[in-house]
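Shown next, in structure tokens, is the structure this report addresses.
Every chain is numbered from 1 and lettered A, B, ... according to where its sequence line falls, protein lines coming before strand lines.
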Amino acid sequence: MGAIIETNNLRAYYITKAYGVERTVKAVDDITLRIQEGEVYGIAGESGCGKSTLLRVLLNAYQPPLTVVGGEVIYNLDGERLNAADMTEEQNRDLRWRKLSYIPQGSMHVLNPVRRIRDSFHDFISAHRDVTKNESYAMTAEYLRDLGLPEKVMRSYPHQLSGGMRQRVTIALATILWPKLIFADEPTTALDVVVQRGVIQMLKDVQQKEGSTLVLITHDIGVHANLADRIAILYAGKLVEEAETRTILNEPKHPYTRYLIESLPNLDSREELMSIPGRPPALDRPPSGCRFHERCPLAQDICKTIEPELIQIAPRHFTACHVVEEELSHAQAV
Amino acid sequence: MPKLSEPLLQIEDLTKIFHIRQGFASQEFHAVDNASIVIDSDKPEIFAVVGESGSGKTTLAKMVLGMEVASQGILRYKDRVINDISKKEMKTWFYREVQPVFQDPFAAFSPLKQIDRYLYETVYNYKMVGDKKEAPRYINEVLSEVGLTLAEIAGRYPNELSGGQAQRVAIARALITKPSLIVADEPVSMLDASLRMSIVNMFRKLKEDNKVSVIYITHDLATAFYAGDRIAVMLRGWIVEMGSTEQVLGNPLHPYTQNLKTSIPSIKTDEAWDEKIDLAVIETDEYTRSGCKFAGRCPAVMDICHDNIPPSVEHEGRSVKCFLYDGSASVDPAKKQAATPALA
């Protein structure tokens, strides 16, 4: 199976001009991705690392000040190769919801508070397909039953539902037309663990039923561990490491990834955990060289000036770090 | 048994009732129902309160802070009934002793005010220094407790700080009055993973070095386990299980705690979930349930659970509110079995 969506050296900046002062925030800087058909691709990183910006560009739903200044996004849907930059607004609309869909973060603000759930479903379905109200009700009822949601949800208003149920309704709403490619932006953030587990289960169900591709964006490594096939770690607008979930969790190579994994508290031990020193850099003036060098315990002189490239260090395992690269070349020399 | 010292905080059968009006009908809604917690004054501890949203954690915190008036029950701080403390004494004594830290530091500080002003104001209001010239030195001392210096934050506005720094300033502000108790309501849930542990580590350090007790309210079980000495698990207003963190989370007895524990997404990739769980459909349904509030989604539910409120019983060194451990009810051994596999 090939890549369903790919980006090549994608760079997307926020460019603002106020009182003659131009400010550029490099939120996505030189990112190349290949997301394979049918996989769950996780994107992890802290707030302000460019996750949501990347998502907006991948969805082809961005407006100034966010501008794509370089690179491209390509969709491979049903044998067609579409370059996002060349698509018209009409083509875009045609693609959305039917082939490419989006599960937003705050389910509280997604559902119309004055309409019953089934009517919200009707609004969405009828915008993309020619259906009568009864047809869309029947479709909704069947789909909700398939996903194990109770019947009475249909006639409820959003405020009557619990947070977890609302989030699951939102997922159902986003996937009712069986899109090929689903983007989920922090789908479980602000939910409690039990509810989160229910939502993760449902995302898994939806993804496996039709073999859709799921792009999962969240800062929570625990969620990635239970859902994603591959994980990409973003730091300050850069892709710093990408590998299969198991590899990222068991043998992280980039110092930032290592910190992220090792600072996760667990129920096995109460030993003191380290936290990452310093703070994420501001993206309007990113540090020179490797963007992590100011917080990195392994930083060397080269890290301060030269930007590390994303290199393959093992099959399907990529990382961008001078130190790892050097270790690797030493190992090969010996 | 005679008490050796007066407790720092004594909560007994505390209940908070809200009234929901629907047209002319009014419904009672117990946000906190018969909660009892005692924190000793001679042994500082981090007391974690966990539970899902809408379990009454924040209402409990507000009552301890004197921001909500309890409907029933006893709420004493150092042997004084919190609700009876006069307004003047609240300002001069109580807030010196008990300080809050809230979830979102950017909502706690006005964006139009330099953040160090808050620290100066607190020092002046509580007369923490004899001479105003002493204030910067005193503030610097407090800030060093949280790993900051006055030079770093002087004259800066909240938006110029990172979330972790702003939360540290919020904690420093709480520390200025040298409190004996800090009530921290979800202090790390807005923070990034890389900053989260630095704040939690700081609470541990404050307990050790400054002898400050902390009520740590969170929905994150992993940090509660990491930081907490004791833990109370709340469900729809009830404390369903309470005891030492190691016991409660190491070997949870209440089916709800077991459910919580197994729901923590593990980063060990071979520990995937295989069984499905039930979620509450409509929130108020669970609050108004006449029997056990967990009966609707409990894997070990029995007939007795639907109509009767389970008692809190002492079992294996913690208190647990469940008929399974009651002893009086005849428990079908198969049911008990049904609850236990979740432990593995």
Practice problem: Could you tell me which non-hydrogen atom of B/A222 sits nearest to which non-hydrogen atom of A/P265, and how far apart they are? | Solution: CB-O, 3.6 Å
Quiz item: Given a strict heavy-atom distance threshold of 4.5 Å, which part of B/L221 is in contact with chain A: side chain, backbone, both, or neither?
Solution: both
Quiz item: Which answer fits B/A224, side chain, backbone, both or neither, if we ask what part of it has an atom under 4.5 Å from a heavy atom of chain A?
Solution: neither
Practice problem: Please list, chain by chain and in numerical order, all residues satisfying side-chain hydrogen bond (donor to acceptor under 3.5 Å, both in side chains) with B/T257, sequence neighbours excluded. | Solution: B/E241
Quiz item: Are there more than 12 heavy atoms of other residues, nucleotides or ligands under 6.0 Å from atom NZ of B/K43?
Solution: no
Exercise. With rounding to the nearest 0.5 Å, note down the distance linking CG in A/D220 to CG in B/D220.
Key: 8.5 Å
Quiz item: So, for A/E271 and B/R204, which heavy atoms are closest and what is the spacing to 0.1 Å?
Solution: C-NH2, 4.3 Å
Practice problem: Could you list the residues that satisfy salt bridge (Lys or Arg N to Asp or Glu O under 4.0 Å) with B/E246, not counting sequence neighbours? | Solution: A/R270
Practice problem: Identify the heavy atoms of A/S263 and B/M197 that sit nearest to each other, and give their distance. | Solution: O-CG, 3.2 Å
Quiz item: Any side-chain heavy-atom pair from B/S263 and A/Q196 closer than 4.5 angstrom?
Solution: no
Quiz item: Taking C-beta and beyond as the side chain, do A/R197 and B/T262 meet within less than 4.5 Å on heavy atoms?
Solution: yes
Quiz item: Measuring heavy-atom distances to chain A, does B/E186 have an atom under 4.5 Å in its side chain, in its backbone, in both, or in neither?
Solution: neither
